[in-house]
Amino acid sequence: MKRILAINDISCVGKCSLTVALPILSACGATVDILPTALLSTHTGGFTGYTFLPLDEEMKKICDHWETLGLRYDLIVSGYLGSRSQIEFVKEVRRRFLKEDGVFIVDPVLGENFKYYSGFDERFAADMGTLCALADYILPNETEARFLTGEKEVSRAFEKLTALCPHPVITSAEEDGAFFLCYEDGGERRMPLKKLEGSFHGAGDVFASAFAGCIANGMPQKDALALTAELCYRAIVRTAREVPDRKYGMNYERELYLLTDAFKEKN
Ligand code: PXL
């Protein structure tokens, strides 16, 4: 069984970050350990008056304890980081806990709809870029690709990202319809993304978690992206039907069979 470390916050309400990563990565048949970066009453995208407890000191103590257990990970996936010092600490976590042939995936959570999430700015984005430079895969949305590169045009942003990391994926972009971009056969490849109008909070976290779970299972990037995109689409369709207030996140749970079926143990 593969052992994955998910580094992300715990937003108690609003289905994102670790509350999404745990079930999705587990559905992919992995053992999932967590390193929480912050504890929030809700995520910051659309709620007001939320509580926010950064866990910087606790993260260090947790990792020192893990060191005594000799833990090593096949894959580490990082998401929402609460401060610039946490970005530096994640680099250290990678150095200390990722197996030599392990995979490091960074979802550079910065913002959406061309706006930073609360508390983030250009300096934070620049530091996030230095973390992306250590990753095997990065999963920015169109907004984050722009903030990481300073490029407004998505293909130019993508080109800059390919210089940063071997496998950048822009998880959703729009230009005459929705698509995502990946790097294949030495060039940019645009894949049409089935999507409904509007914005779906938590979709990026569902995407990152499902993709990481597929990669942990040794799936080639192309197949991993196809399965991830299908899961996201089904979850979006269900969410559009069932969730009137989109800040409460995606109803992806009843679509997880796509992952459990794909990664069923062969007898
Ligand atoms: O979904 C990304 C995300 C993760 N964690 C927190 C957030 C957000 C986006 O709003 O606020 C705390």
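In what follows, every heavy atom counts, from backbone to side chain, and hydrogens, waters and symmetry copies are set aside. In listed order, ligands and their atoms are each counted from 1.
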Residue, atom name and distance, where the atom is the protein heavy atom closest to [atom]:
| atom | value |
| --- | --- |
| atom 10 (O) of ligand 1 | His201 NE2, 3.1 Å |
| atom 7 (C) of ligand 1 | His43 CB, 3.6 Å |
| atom 6 (C) of ligand 1 | Tyr80 CD1, 3.3 Å |

Please list every donor-acceptor pair under 3.5 Å in which a side-chain atom of residues 212-225 meets a protein atom from a residue at least two apart or in another chain.
unit_1 : atom_1 : unit_2 : atom_2 : d
Asn217 : ND2    : Cys28  : O      : 2.9
Asn217 : ND2    : Gly213 : O      : 2.9
Gln221 : NE2    : Tyr183 : O      : 3.2

Please check if the side chain of [X] supplies one atom and the backbone of [Y] the other of a donor-acceptor pair under 3.5 Å.
| X | Y | value |
| --- | --- | --- |
| Thr42 | Val13 | no |
| Thr260 | Ala27 | no |
| Glu144 | Asn141 | yes |

Return yes if a side-chain donor-acceptor contact under 3.5 Å exists between Tyr80 and Ser11, otherwise no.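 Judged by distance alone, the side chains do not pair up.
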Whether the Glu188 and Ser155 side chains hold a donor-acceptor pair (N or O, under 3.5 Å, no angle test) is what I'd like checked.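 A pair is found: one side chain offers a donor N or O, the other an acceptor, under 3.5 Å apart.
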May I ask you to check whether Thr44 has an N/O atom sitting below 3.5 Å from an N/O atom of ligand 1?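 Such a contact does occur with ligand 1.
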Return yes when Ser17 approaches ligand 1 closer than 4.0 angstrom through a heavy atom, no otherwise.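 So Ser17 counts as touching ligand 1.
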State the atoms of ligand 1, each with its element, that fall below the 4.0 Å cut-off from a heavy-atom position in [X].
| X | answer |
| --- | --- |
| Leu40 | 12 (C) |
| Asp205 | 1 (O), 2 (C) |
| Asp9 | 4 (C), 5 (N), 6 (C), 12 (C) |

Inspect the contact between Arg156 and Glu159 and indicate whether a charged nitrogen and a carboxylate oxygen are less than 4.0 angstrom apart.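 So Glu159 does not pair with Arg156 through a salt bridge.
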At under 4.0 Å between heavy atoms, which part of Asn8 makes contact with ligand 1: side chain, backbone, both or neither?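 It is neither; nothing of Asn8 touches ligand 1.
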